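These numbers were taken from a predicted model, which means no experiment stands behind them. First the proteins, then the strands, lettered A, B, ... as listed; each starts at 1.
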Number of protein chains: 2
Amino acid sequence: MTLSDIEFPTPSEDADCRPVREILDRIADKWSLYIFVALKDGPVRFNALRRQIDGISQRMLTITLRQLERDGLISRTLFPTIPPRVDYELTAVGRSLLAPVMALVTWADSNRDVIEEARRQHDQTR
Amino acid sequence: MTLSDIEFPTPSEDADCRPVREILDRIADKWSLYIFVALKDGPVRFNALRRQIDGISQRMLTITLRQLERDGLISRTLFPTIPPRVDYELTAVGRSLLAPVMALVTWADSNRDVIEEARRQHDQTR
DNA sequence: CGGCATCCGAGGGGATACTG
DNA sequence: CAGTATCCCCTCGGATGCCG
């Protein structure tokens, strides 16, 4: 079976593909994917997110959260207690994106051995 | 699957989830996704790729193709004609990644209106 | 606790010129 | 046609410090 036998739904990308590119660039930046995974089971507080996502700085966590909030993918809830508490949560739209994202993560997890082997092979051959 | 590696990384050196992160970072860089989509129907030549992927420079196309080749996701075939011809094609592993990637692209395509509206709302409210 | 402002270095990435 | 090589800008993102 060749690749051309596989049919994929063709989104109307030729006419007006720039919005799609903007969205993909947002989804596919350095940290958004990890925030999505971290929020998949429900609301998480700011510093809890920071601990879950290894290596993210406070600055980038804030920036990325703001962008995702602007896109309507996550919601921010402030509890005016002392000390303050802020919950971040996937919106309905955000949850609909969770399936494709998790498919990607699952793929990466189950193919990491294959990829690492390919890298070794390639580095040896060159 | 071991998603818990990503959600709850051990605070110390986590040797398990980092490979997954490396793979995701590779998939989720600026150009890889678009190369994948461009190759979804079969082999494509270098300059054809360059024309299909709007805005990519020759330099970044070369670099990204090399990385994907190193990871065993695409293959490079040189025809020693004059002028030379080089075909790039998804490997079997690369094709297995196509489904998750296309799911993401399809999502972005069918949700762009929702996201643009959310952005307008957000920019107005602030 | 959950931010924002500022500084600053590394590197991503564009433009251009050259080669097999 | 399909690259490599070089230069260089400019954004990303880490570190630090301050605030409500």
Q: Would you work out how much the helix from C:dC1-D:dG20 to C:dG20-D:dC1 bends between its ends, with each end axis defined by five base pairs, to 10 degrees?
A: 50°
side-chain contact (heavy atoms from CB on, under 4.5 Å) involving [X] - partner list, sequence neighbours excluded:
{"X": "B:I82", "answer": "none"}
{"X": "A:T91", "answer": "A:S75, A:V93"}
{"X": "A:P43", "answer": "A:D87, A:E89"}
{"X": "B:A103", "answer": "A:P100"}

Q.
Less than 4.5 Å apart, side chain to side chain, heavy atoms only: is that true for B:L61 and B:I35?
A. yes
Q. Should B:L33 and B:V105 count as side-chain neighbours, where that means a heavy-atom distance under 4.5 Å?
A. no
Q) If you measure from CG on A:L65 to CZ on A:R70, what distance do you get to the nearest 0.5 Å? A) 15.0 Å
Q. Which residues satisfy the side-chain hydrogen bond (donor to acceptor under 3.5 Å, both in side chains) test with A:R50, sequence neighbours excluded?
A. none
Q | chain A footprint on DNA chain D, 5' to 3' - any atom under 4.0 Å from a heavy atom | A | D:dG13 to D:dG20
Q: Could you state the atom-to-atom distance from CZ of A:F46 to P of C:dG3 in whole Å?
A: 5 Å
Q. For A:L65 and C:dG3, what is the distance between atoms CG and C1' respectively, to the nearest whole Å?
A. 11 Å
Q: Hey, could you give me each pair passing side chain to side chain donor-acceptor pair (under 3.5 Å) that has a residue in residues 56-66 of chain B? Not counting sequence neighbours.
A: B:R66-B:Y88
Q: Keeping to residues at least two apart or across chains, list the side chain to side chain donor-acceptor pair (under 3.5 Å) pairs with something in residues 27-39 of chain B.
A: A:D25-B:Y34, B:D29-B:S32
Q: Using a 4.0 Å heavy-atom cut-off, write out nucleotides 10-20 of chain C from 5' to 3' as B (base contacted by protein), S (sugar-phosphate only) or - (no contact).
A: ---BBB-B--B
Q) Taking only residues two or more places apart in sequence or in another chain, which ones pass salt bridge (charged side-chain N to carboxylate O under 4.0 Å, His left out) with B:R76? A) none
Q. What residue among B:H122, B:Q124, B:E116, B:E117 forms side-chain hydrogen bond (donor to acceptor under 3.5 Å, both in side chains) with B:R120?
A. B:E117
Q: Scan residues 67-79 of chain B against DNA chain D and write down, sorted by residue number, each residue with any heavy atom closer than 4.0 Å; if none is found, say none.
A: B:R76
Q. So if you build clusters from Ile, Leu, Val, Met, Phe, Trp, Tyr with side-chain heavy-atom gaps below 4.5 Å, do B:F79 and B:L49 land together?
A. no
